[in-house]
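In what follows, a structure is listed as structure tokens, so that the remarks can point back to it.
Quick caveat, the model's predicted, so the values are computed rather than measured.
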Amino acid sequence: MDKPTVFAAALLVAVGGIIYELILGTAASYLFGDSVVAFSVATGLTLFGMGIGSLLATRLATNPGLNFVRNEVALALLGGSSVLILYAAFSLTQVYWLVFVLLSLAIGVGIGVEIPLLVALLKEHGRDESVGLLSKVLAVDYFGALAASLLFPFVMLPYLGLMRTAYAVALLNVLVAVFMLRRMGRRTRWTWFSWVTVVFLVVCFAASSVIEGAINTRLYQDPVVHYESTSYQKLVLTSFGDDVRLYLSDQLQFSSVDEARYHETLAHAALTSVAAPASVAILGGGDGLLAREVLRYPSVQEVTVVDLDPAVTELARTDRLVSELNEHSFDDPRVTVVNGDGFRFMDTTDQTFDAVLIDLVDPSNERIAKLYSTEFYAMVANHLRPGGVYATQATSSYFTPNAYWQVAATVRAGSPGRTVVPLSVNVPSFGEWGFVLSLPAAPGQGEAAGSLGPDGGARLFGATPLPEGLRFHTLDSLRATATLAGDHPGPEVEMKPSTLLSPLIYRTYQQDMSRWRY
């Protein structure tokens with residue numbers, strides 16, 4: 001066995017090994033919702049499994065070539081089916097974490113066996129260079145890891161999706177096995193079995209859409225009418241009767257039955273609190289529903305929607321179910337859609353706004369936590385015109401009360417000298433939901449801002465009339481959102497603000513959610 005053959009095999013299996021790790025972490029973060037835990041556990045377990053595999057390789061060194069082929073076929077079958085196994089475990093069982101752990105360990109063992117067997121194969125053919133040989137094989141392996149870490153997020157996941165990527169990498173494993181068999185000049189039953197595995201994986205690759213559809217039917221109560229795995233998340237649209245629902249990474253974003261309660265509260269609490277709003281920024285809100293509400297104001301001249309995922313804004317513009325719901329808001333010439341990170345946008349833009357509406361997913365992971373930080377809210381306040389306001393969704397005011405009040409504390413710390421008004425409204429598909437509104441301080445309040453002051457009624461929901469055409473709110477019901485119910489869980493202690501370096505909101509949200517079974 002010559003060195004170029006072994007080095008080529010080492011490069012290819014390295015690509016597959018790293019991508020399997022990334023697949024496991026991504027699939028787990030989609031399903032379980034916590035990317036830090038998912039990727040940490042996936043990486044740790046896979047590396048631990050690799051250590052076990054390296055130790056087991058000594059027992060396979062008597063016939064390294066054929067054992068390498070066997071390992072690649074087994075790894076292909078397991079790794080290629082990993083996404084299917086995880087999704088099936090999540091939708092059909094209560095032990096999906098155990099399945100995730102065992103799957104990560106097993107794939108790690110298969111990856112760990114590869115390099116020692118390749119080195120043993122070279123030695124078997126009289127090419128023993130000890131440390132020098134091992135270092136060269138490992139170097140090629142590490143170069144493959146770099147290639148995989150770039151291919152996965154920029155090419156494979158966006159264009160193939162998660163399940164097809166798993167089957168594509170599995171095909172790579174089996175083809176390496178076939179290649180090694182030919183180079184060894186051996187014909188065994190494993191040659192036949194390898195080609196059968198190739199055919200099986202090709203069929204699975206081609207049928208991935210059907211398989212994903214079958215799984216999603218079990219994951220969601222309503223029929224899935226659109227499924228897409230993007231570079232950022234899994235996007236699912238369901239429809240049953242008059243109820244259209246959008247899910248991002250399995251988290252409900254809206255139900256058409258009651259979404260007006262959410263979007264009307266966030267939009268009109270802010271826009272009725274600033275005189276004749278002309279320029280409005282929406283951070284998040286890629287479904288176009290918040291833009292629909294903003295466009296009801298005759299004074300509005302420009303709306304800038306900043307959403308990270310272009311797949312979401314494209315769905316909002318082109319899918320009939322969503323575009324009819326948002327009243328084709330993204331086709332309005334006053335609307336500009338920017339696909340990018342909201343934090344970076346506020347940090348780099350020269351634009352100023354009469355109102356900024358922050359409609360982001362809950363701070364369930366560290367990636368989102370930066371958009372609930374004092375630094376972020378300070379940037380938002382710095383881009384407000386005189387008299388400008390901003391409002392943010394603030395998680396459930398009932399189910400995650402500590403996170404809700406921490407958002408309020410963070411808004412207050414990020415833009416001192418302004419009045420902070422917590423709001424809450426019942427959205428049946430979500431439960432009691434919270435928002436935080438930041439207003440300019442009343443004259444004479446200065447740094448003591450925090451209450452509405454004597455003219456609070458005029459400034460809160462009174463600077464601009466409520467527009468016509470609303471499904472849910474009247475002026476009285478909008479004002480009622482500023483009065484929390486008597487049994488509303490309030491903060492027992494003053495919550496500390498969340499910052500970039502200390503993202504407390506992420507931990508607080510997780511602790512709040514851990515008290516519930518869903």
Side-chain angles (χ1 to χ4, degrees), residues 19-36 38-39 42 82-84 86-87 90 148-169 205 208-213 215-216 219-220 224-239 244-254 282-291 305-323 325-326 330 337-345 359-368 370-371:
I19 292 179
Y20 281 139
E21 282 188 48
L22 296 172
I23 286 172
L24 288 168
T26 304
S29 64
Y30 282 179
L31 294 174
F32 312 148
D34 190 331
S35 60
V36 171
F39 275 97
S82 58
V83 176
L84 175 61
L86 274 179
Y87 274 63
F90 184 78
S149 65
L150 297 176
L151 279 172
F152 180 75
F154 296 116
V155 179
M156 302 191 80
L157 186 60
Y159 294 103
L160 296 180
L162 202 56
M163 189 171 292
R164 282 193 180 91
T165 295
Y167 286 124
V169 175
F205 181 91
S208 291
S209 297
V210 176
I211 296 171
E212 289 174 355
I215 294 173
N216 286 325
L219 283 175
Y220 303 99
V224 174
V225 296
H226 182 91
Y227 172 89
E228 187 174 356
S229 181
T230 77
S231 300
Y232 305 100
Q233 58 208 338
K234 185 174 70 171
L235 192 160
V236 173
L237 190 70
T238 68
S239 177
V244 177
R245 298 189 175 211
L246 175 67
Y247 296 85
L248 298 180
S249 296
D250 299 317
Q251 303 299 311
L252 179 64
Q253 301 304 301
F254 71 75
I282 299 173
L283 307 181
D287 51 35
L289 299 176
L290 202 56
V305 179
V306 183
D307 193 278
L308 183 62
D309 195 342
V312 176
T313 53
E314 183 66 16
L315 182 78
R317 177 180 282 114
T318 60
D319 186 275
R320 179 185 60 81
L321 293 174
V322 184
S323 63
L325 193 60
N326 65 37
F330 285 172
V337 175
V338 177
N339 290 122
D341 178 69
F343 191 100
R344 180 169 176 76
F345 174 82
D359 182 19
L360 302 166
V361 296
D362 287 353
S364 60
N365 59 61
E366 81 298 337
R367 179 170 57 88
I368 303 298
K370 69 177 183 179
L371 297 167

Stepwise, does the side chain to side chain contact (heavy atoms under 4.5 Å, CB included) test hold for V236 with R245? CA-CA 8 Å; V236 173; R245 298 189 175 211; over 6 Å; no
Determine, step by step, whether L86 and L24 satisfy the side chain to side chain contact (heavy atoms under 4.5 Å, CB included) criterion, reporting the C-alpha distance in whole Å, the side-chain angles of both residues, the deciding distance to 0.1 Å, and the verdict. CA-CA 9 Å; L86 274 179; L24 288 168; 4.2 Å; yes
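A distance of 10.0 Å separates CG of D307 from OH of Y232, quoted to the nearest 0.5 Å. Distance check: L252 CG to L246 CG gives 8.0 Å after rounding to the nearest 0.5 Å.
Of all the heavy atoms in P363 and I368, the pair that sits closest is CA-CG2, 3.9 Å. Residue V305 comes nearest to G285 through the heavy atom pair CG1-O, 3.9 Å, listed as atom of the first residue, atom of the second, then distance. The heavy-atom pair separating K370 from R367 by the smallest distance is CG-O, 3.7 Å.
In this structure, the side chains of D287 and N326 stay at 4.5 Å or more apart for every pair of heavy atoms. Proximity of L321 to L325: side-chain heavy atoms (C-beta onward) are nowhere separated by under 4.5 Å. No side-chain heavy atom of E21 sits under 4.5 Å from any side-chain heavy atom of F39. Considering only heavy atoms from C-beta on, I282 stays 4.5 Å or farther from V306 through its side chain. V244 has its side chain within reach of L237: a pair of non-hydrogen atoms, C-beta onward, lies under 4.5 Å apart.
Listed by chain and number, the residues in a ring pair (Phe, Tyr, Trp, His ring centres under 6.0 Å) with Y247 are Y220 (sequence neighbours excluded).
Between D309 and Q233, the side chains place a donor N or O and an acceptor N or O closer than 3.5 Å (distance only, hydrogens not considered).
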Could you list the donor-acceptor pairs under 3.5 angstrom formed by side chains in residues 151-168, with sequence neighbours left out?
unit_1 : atom_1 : unit_2 : atom_2 : d
R164   : NH2    : S209   : OG     : 2.7
T165   : OG1    : M156   : O      : 3.3
T165   : OG1    : G161   : O      : 2.6

Under 3.5 Å donor-acceptor pairs involving side-chain atoms of residues 310-317, not counting sequence neighbours:
unit_1 : atom_1 : unit_2 : atom_2 : d
T313   : OG1    : P310   : O      : 3.1
T313   : OG1    : N339   : ND2    : 3.2

